[in-house]
Amino acid sequence: MEKKSHSPIRVDLEKGKRYAWCTCSHSSDQPFCDGSHRAHNATPSMVFTAEETKEAYLCTCKKTGNPPYWDGSHNA
Ligand code: FES
């Protein structure tokens with residue numbers, strides 16, 4: 001079985017642009033949704049709009065208390 005990393009992924013967000021953050025962990029394009037949740041009958045993506053252009057760390061363990069952003073919850 002494939003071992004999945006729980007490390008956050010750094011992304012460059014662009015103000016006003018919409019992103020689909022993967023909530024199910026099945027995407028091959030982490031931290032973003034690639035549509036794989038449909039084949040797994042899993043939870044759909046969480047769409048969000050970047051409020052500013054910035055570098056951000058997005059959660060990949062899906063346990064964050066502040067989705068889609070990394071908050072260190074995987075270490076808890
Ligand atoms: S593939 Fe995970 S939410 Fe779409």
Side-chain angles (χ1 to χ4, degrees):
M1 177 178 245
E2 177 186 341
K3 185 176 186 323
K4 295 188 177 181
S5 169
H6 287 172
S7 299
I9 295 178
R10 190 195 70 78
V11 297
D12 292 313
L13 299 179
E14 187 178 320
K15 182 179 180 179
K17 188 172 176 181
R18 288 164 50 92
Y19 299 89
W21 177 64
C22 173
T23 64
C24 76
S25 299
H26 291 294
S27 175
S28 297
D29 189 29
Q30 292 294 331
F32 300 113
C33 172
D34 70 355
S36 295
H37 61 269
R38 293 186 199 99
H40 294 275
N41 199 26
T43 55
S45 63
M46 185 192 94
V47 177
F48 69 100
T49 302
E51 295 181 359
E52 58 183 313
T53 297
K54 66 177 181 180
E55 172 185 290
Y57 287 84
L58 301 190
C59 172
T60 60
C61 76
K62 316 306 178 186
K63 295 177 183 172
T64 179
N66 183 30
Y69 301 102
W70 168 63
D71 72 353
S73 292
H74 66 271
N75 290 324

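For clarity, every value in this text was computed on a predicted model and none was experimentally measured. Both backbone and side-chain heavy atoms feed into the values below; hydrogens, waters and symmetry mates do not. First listed ligand is number 1; within each ligand, the first listed atom is number 1.
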Contact check, side chains of W21 and T64, non-hydrogen atoms, under 4.5 Å: yes

K62 versus P31, closest heavy-atom pair with distance: NZ-O, 4.2 Å

Side-chain heavy-atom pair H37, C22 within 4.5 angstrom cut-off: no

Polar contact flag, side-chain donor to acceptor under 3.5 angstrom, S27-D29: no

Location of contacts on P44 toward ligand 1, heavy atoms closer than 4.0 Å: backbone

K17 to F32, cation-pi by 6.0 Å centre distance and 45° axis angle: no

Proximal atoms of ligand 1 relative to T43 (non-hydrogen, under 4.0 Å): 3 (S)

Heteroatom of H37 nearest to atom 4 (Fe) of ligand 1 (N, O or S, atom name): ND1

Sub-4.0 Å atoms of ligand 1 with respect to non-hydrogen atoms of D34: 1 (S)

Apex atom 2 (Fe) of ligand 1; atoms C22 SG and C24 SG; angle rounded to 10 degrees: 110°

